[in-house]
Amino acid sequence: QQQVKQSPQSLIVQKGGISIINCAYENTAFDYFPWYQQFPGKGPALLIAIRPDVSEKKEGRFTISFNKSAKQFSLHIMDSQPGDSATYFCAPPPRSNSGYALNFGKGTSLLVTP
Amino acid sequence: DTAVSQTPKYLVTQMGNDKSIKCEQNLGHDTMYWYKQDSKKFLKIMFSYNNKELIINETVPNRFSPKSPDKAHLNLHINSLELGDSAVYFCASSQGHTGTYEQYFGPGTRLTVT
């Protein structure tokens with residue numbers, strides 16, 4: 001599987017602050033860029049996703065920024081809340097002739113302090 | 001009305017035993033997956049089935065054998081369990097396997113091999 005590099009590994013943000021998580025990929029065999037959110041003891045769930053024909057997508061407090069030339073996409077969480085404390089994964093599925101399993105980054109553990 | 005369900009939620013067993021994990025989805029999806037999450041939370045695809053046909057088979061020991069009796073079910077059988085098999089196993093489903101479809105995850109099965 002092609003690799004994606006996610007950073008930082010962990011992040012502590014105060015309530016009301018901005019959380020930023022980055023994901024870099026090594027080749028162009030991706031055409032869909034999702035972020036998944038996982039709470040302890042639960043399965044991952046899709047948070048927000050972007051296609052490469054747009055540079056930014058916003059859903060509520062969550063924004064994806066996509067930089068095709070730099071091969072990077074970022075998740076911004078505005079006005080971070082304690083309920084956002086979770087592990088976040090970028091997970092672009094590589095194009096292939098068969099199935100498209102999600103290709104997960106190593107995850108970012110976010111803690112939002114009160 | 002759980003979308004993707006797995007049984008059991010916890011599985012504790014000894015080395016050398018054979019065990020199965022069952023997965024069912026009631027979303028009407030045509031593609032199902034098995035992912036493994038290790039102790040460092042790294043998620044990796046194991047298998048994917050589309051319309052009961054195996055379409056992704058990552059480098060997984062042949063002690064792991066998936067079986068899809070119908071589109072709504074994907075079971076995972078593991079022979080001769082080893083300590084390194086201890087992990088959380090997630091089942092997921094999606095409508096379509098072309099990568100740009102949201103994947104819905106089950107709650108996971110925590111397997112502990114002693």
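Note that these values count all heavy atoms, side chains included, but never hydrogens, waters or copies made by symmetry.
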In one Ile/Leu/Val/Met/Phe/Trp/Tyr side-chain cluster, 4.5 Å: [X], [Y]:
X        : Y       : result
A:Ile48  : A:Val13 : yes
B:Tyr104 : A:Tyr88 : no
B:Met32  : B:Val4  : no

**Message:** Quick check on the interface: out of B:Phe47, B:Phe42, B:Tyr49, B:Phe90, who has the most heavy-atom pairs with chain A under 4.5 Å?
**Reply:**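 If we count pairs closer than 4.5 Å to chain A, B:Phe90 comes out on top.
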For [X], does the [atom1] atom sit with more than 12 other heavy atoms under 6.0 Å from it, leaving out its own atoms?
X       : atom1 : answer
A:Ile12 : CD1   : no
A:Gln81 : CD    : yes
B:Lys9  : NZ    : yes

Nearest-0.5 Å distance that lies between atom [atom1] in [X] and atom [atom2] in [Y]:
X        : Y        : atom1 : atom2 : answer
B:Phe105 : A:Leu102 : CZ    : CG    : 5.0 Å
A:Lys106 : B:Asp38  : NZ    : CG    : 9.0 Å
B:Glu102 : A:Tyr32  : CD    : OH    : 6.5 Å

Is chain B contacted by the side chain of [X], its backbone, both, or neither, given a heavy-atom distance below 4.5 Å?
X       : answer
A:Lys42 : backbone
A:Pro44 : both
A:Phe33 : neither

**Request:** With the side chain counted from C-beta on, respond yes when A:Gln38 and B:Gln37 share a heavy-atom pair under 4.5 Å apart, and no when they do not.
**Result:**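 Touching, per the 4.5 Å side-chain cut-off.
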